[in-house]
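Counting convention: from 1, in listed order, for ligands and their atoms alike. Note that this is a predicted model, so its numbers are computed, not measured.
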Amino acid sequence: MALNLKTLVNHAPLSSSRQLFHGVSPKPTSISFSHSSSSLQGFGTQIATQRKEPLSNQQTAAVRHLTGSLITNEGLRFVVVVARFNEIVTRPLLEGALATFKRYSVKEEDVDVVWVPGSFEIGVVADRLGKSRKYHAVICIGAVIRGDTTHYDAVANSAASGVLSASLSSGVPCIFGVLTCENMEQAMDRAGGKSGNKGAEAALTAIEMASLFEHHLK
Ligand SMILES: Nc1c(NC[C@H](O)[C@H](O)[C@H](O)CO)[nH]c(=O)[nH]c1=O
Ligand SMILES: CC(=O)[C@@H](O)COP(=O)(O)O
């Protein structure tokens, strides 16, 4: 089975060390991949390429690799939606996120915080904030901790689907920083304890995604 994959091929001769290529081929080159079913899992596909456009001998084909930057975040704006439920957990998560923004030179005036009652309410607020076009990424912070009933499953699943839906609906990256834990110990471990701070991790993801969208996907 041959897969047809359209990709932009950079024709400028580039040093092999560079991962980011500026400028793109004026003409996308169609590359056909052929692979055996046994190689579906890995990247070890046998690739046979038929290029539609012959490359001049001064040009070098190179696949572009696009990634967001953690340091070129000038002017990027962020909003944190944080649930008040289990605030003993969500507040250190929020503090971890804010500390990360500061560490990566995101200005305080470029970060807003919106409090909601619980994780179930995060999705609708994230969607509204994304659609406001005021922010380059929305960080969603909550802590859903299992109790005696199945309510946990409803809240946890709703929070996750709500954040994903907000991303897809608004087109603005909404980062899932909602803990879903069996008990309080697990939650505290992830809010600055032995397992790190998931709020800080969510902020890093937000910076990278905001940069990727702003600098490469517009
Ligand atoms: N049990 C947890 C909740 N429950 C509240 C819901 O999020 C929601 O606010 C309520 O159902 C009204 O719509 N929220 C959490 O964030 N964490 C929990 O453990
Ligand atoms: C995640 C929840 O909603 C949970 O904390 C509620 O506790 P319970 O299931 O005992 O009502």
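Atom CZ of Arg84 has more than 12 heavy atoms from other residues, nucleotides or ligands within 6.0 Å. The number of heavy-atom neighbours closer than 6.0 Å to CD1 of Ile88, taken from other residues, nucleotides and ligands shown, is 12 or below. Other residues, nucleotides and ligands place more than 12 heavy atoms under 6.0 Å from the CD atom of Glu87.
Looking at Thr149 next to ligand 2, an N or O pair under 3.5 Å apart turns up. Where the criterion is an N or O separation shorter than 3.5 Å, residue side chain and backbone included, Ile145 meets it with respect to ligand 1. Here's the thing with Pro117: none of its N/O atoms is less than 3.5 angstrom from an N/O atom of ligand 1.
For the residue pair Tyr135/Asp112, the side-chain donor-acceptor check at 3.5 Å is satisfied.
With a 4.0 Å heavy-atom cut-off, ligand 2 is reached by the side chain of Val144 but not by its N, CA, C or O. Proximity of Thr150 to ligand 2, defined as any heavy-atom pair under 4.0 Å, is not found for any part of the residue.
Scanning all protein heavy atoms for the shortest distance to atom 7 (O) of ligand 2 gives Gly147 CA, 3.6 Å.
The shortest non-hydrogen separation linking Tyr152 to Ile145 is CD1-C, 3.6 Å. When all heavy atoms of Ala83 and Trp115 are compared, the closest pair comes out as O-CZ3, 4.0 Å. Between His136 and Glu214, the closest heavy-atom pair is CD2-OE1, 3.3 Å.
Judged by the shortest distance from any of its heavy atoms, Gly142 lies outside the 4.0 Å radius around the atoms of ligand 1.
None of Ser170, Ser169, Ser132 except one satisfies the side-chain hydrogen bond (donor to acceptor under 3.5 Å, both in side chains) rule with Asp127; the exception is Ser169.
Here atom 4 (C) of ligand 2 lies nearest to Ile145 when heavy atoms of Thr180, Asn86, Ile145 are compared. Of the candidates Arg84, Glu87, Glu121, His151, it is Glu121 that places a heavy atom closest to atom 9 (O) of ligand 1.
Near Ala143, with a cut-off below 4.0 Å to any heavy atom, the atoms of ligand 1 are 15 (C), 16 (O), 17 (N), 18 (C), 19 (O). Applying the 4.0 Å criterion to heavy atoms of Gly118 picks out, from ligand 1, the atoms 7 (O), 9 (O), 16 (O). Shown in contact with Phe120 at under 4.0 Å from a heavy atom are these atoms of ligand 1, numbered in order with element: 6 (C), 7 (O), 8 (C), 13 (O). Close approach of ligand 1 to Asn86 (heavy-atom distance below 4.0 Å) involves ligand atoms 17 (N), 18 (C), 19 (O).
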